[in-house]
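First up is the structure itself, then whatever we jot down about it.
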Amino acid sequence: MTSIPITRTPVPEAKAAAIRAAVAGATSLGPDSGASRLATLEDAAAFHAFLGDPQIHAPIYTLPRPLTVESVRAFIADHQNEREQGKGLLFLTIDEQGRIAGYSDICIWPDWAAGELGGALHPDRQGQRRGVEGARQSFGWMFESLGLDLICETASLDNHRTAHLLDGLGFRRMGEITSKRADGTTRPSLVWEISRAEWREEHLLP
């Protein structure tokens, strides 16, 4: 049993089914459909090369270990299966030159109408508020397009960039958990949550 989300409010089966259908039908993340697309098995080598930078993969506990082309291909295949089940999505962000500039890993808990957004941008694209604005748009898309009621996020204790981003977007700190990596090792993580109502109020949405 996953230790997140902290807040678990069961929803009617009709709502859970609608969320599963929305996830299974998603093909791009956010309003700019040209900037992202679903990861495919053919992306394994390029995605592995993108993830090879320690600045990208080191802080992320959900990535496969060891990080090889084959383990990345299996990671993509797992997400394809999760999409069919309405439980997960893996998007790649493509830059103007057709290269991978980032990725978004979305985990969904339909029975609680909750989700988590993970991923990374290439270091060259960080520090230009692209990450903040991209995260804001992605979270908004998860609430509105997938029909979620809650988003839960985690970060390592020393990941100050993510902590600053989540605090700035109005997420509430919920405490600390122990996150488990794919290879079975663990790390302490801080947890944040925000509800649909809190998101709308924080971002002055109708």
Side-chain angles (χ1 to χ4, degrees), residues 1-13 15-20 22-24 26 29 39 51 56-67 71-72 74-91 103-120 131 135-136 138-143 146-199 202:
M1 172 76 70
T2 177
S3 55
I4 56 172
I6 304 297
T7 303
R8 302 181 179 189
T9 305
V11 299
E13 175 53 32
K15 182 176 179 69
I19 291 171
R20 292 187 192 98
V23 172
L29 174 61
L51 294 172
I56 295 173
H57 73 249
I60 303 174
Y61 74 95
T62 52
L63 290 171
R65 283 175 168 76
L67 200 62
S71 69
V72 169
F75 183 71
I76 295 171
D78 286 344
H79 281 77
Q80 291 177 329
N81 292 332
E82 289 175 357
R83 177 173 177 261
E84 292 178 2
Q85 299 169 26
K87 299 192 304 182
L89 292 161
L90 182 62
F91 293 112
Y103 82 99
S104 299
D105 181 357
I106 299 177
C107 176
I108 302 294
W109 300 280
D111 293 340
W112 300 319
E116 179 187 22
L117 172 66
R136 188 189 66 78
S138 297
F139 291 137
W141 178 84
M142 290 169 68
F143 280 123
L146 300 184
L148 302 185
D149 292 336
L150 181 81
I151 294 176
C152 176
E153 294 295 307
T154 63
S156 61
L157 304 187
D158 60 354
N159 190 338
H160 305 300
R161 179 190 296 272
T162 295
H164 180 72
L165 182 150
L166 294 172
D167 290 339
L169 288 174
F171 281 73
R172 290 176 288 109
R173 294 197 180 206
M174 302 295 291
E176 186 177 319
I177 63 168
T178 299
S179 297
K180 188 175 182 179
R181 298 185 180 93
D183 62 1
T185 59
T186 60
R187 72 154 204 212
S189 297
L190 293 173
V191 183
W192 290 257
E193 290 184 351
I194 192 167
S195 69
R196 175 195 289 266
E198 290 168 334
W199 180 265
E202 179 73 24

TODO: With salt bridge (Lys or Arg N to Asp or Glu O under 4.0 Å) as the test, would you mind laying out the steps for Glu13 and Arg20 before giving the verdict?
DONE: CA-CA 10 Å; Glu13 175 53 32; Arg20 292 187 192 98; 3.0 Å; yes
- [ ] Check the pair Ser189, Arg187 against side chain to side chain donor-acceptor pair (under 3.5 Å), reporting the backbone distance first and the verdict last.
- [x] CA-CA 6 Å; Ser189 297; Arg187 72 154 204 212; 2.8 Å; yes
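The closest side-chain heavy-atom distance from Phe139 to Leu148 is not below 4.5 Å. Here the side chains of Trp112 and Thr9 are not in contact, with every heavy-atom distance at 4.5 Å or above. Here the side chains of Gln85 and Val23 are not in contact, with every heavy-atom distance at 4.5 Å or above. Residues Tyr61 and Thr154 form a side-chain contact, since some pair of their non-hydrogen atoms from C-beta on lies under 4.5 Å apart. In this structure, Thr178 and Ser3 have side chains that are not in contact, with every pair of non-hydrogen atoms separated by 4.5 Å or more. For the pair Arg136 and Leu169, the minimum side-chain heavy-atom distance is below 4.5 Å. Between Phe143 and Leu150 the shortest side-chain heavy-atom distance does not fall below 4.5 Å.
Smallest separation of non-hydrogen atoms from Ala135 and Leu165: CB-CD2, 4.0 Å. Nearest heavy-atom pair, Pro188 versus Glu176, reported as atom, atom and distance to 0.1 Å: CB-OE2, 3.5 Å. Of all the heavy atoms in Tyr103 and Leu90, the pair that sits closest is CD1-CD1, 3.7 Å. Scanning both residues, Ala163 and Arg173, for their nearest heavy atoms gives CB-NH2, 3.8 Å. Scanning all heavy atoms of the two residues, the minimum distance from Ala113 to Val11 falls at CB-CG1, 3.7 Å. Minimum interatomic distance between Phe171 and Ile151 (heavy atoms only, all atoms of both residues): CE2-O, 3.8 Å.
Trp141 and Phe91 have perpendicular rings, their planes meeting at more than 60° on a 0 to 90° scale where under 30° would count as parallel.
Here the straight-line distance linking atom CG of Leu190 with atom CE of Met174 works out to 12.5 Å at 0.5 Å rounding. Summarising the geometry, atom CD1 belonging to Ile106 is positioned 10.5 Å from atom CD belonging to Glu116; distances are rounded to the nearest 0.5 Å. The CD1 atom of Ile60 sits 8.5 Å away from the CG atom of Asp105 when rounded to the nearest 0.5 Å. From Ile4, atom CD1 reaches atom CD1 of Ile6 across 7.5 Å, with rounding to the nearest 0.5 Å. The distance from the CG atom of Leu117 to the OG atom of Ser138 is 5.5 Å, given to the nearest 0.5 Å. With values rounded to the nearest 0.5 angstrom, Cys152 atom SG is found 5.5 Å from Trp109 atom CH2.
With respect to Asp111 and Arg8, no salt bridge is recorded, no charged nitrogen being found less than 4.0 Å from a carboxylate O. With respect to the salt-bridge test (charged N to carboxylate O, under 4.0 angstrom), the residues Glu198 and Arg172 qualify.
Remark: Asp149 engages Lys15, Arg196 in a salt bridge (charged side-chain N to carboxylate O under 4.0 Å, His left out) (not counting sequence neighbours).
The closest donor-acceptor contact from the side chain of His57 to the backbone of Leu51 lies under 3.5 Å.
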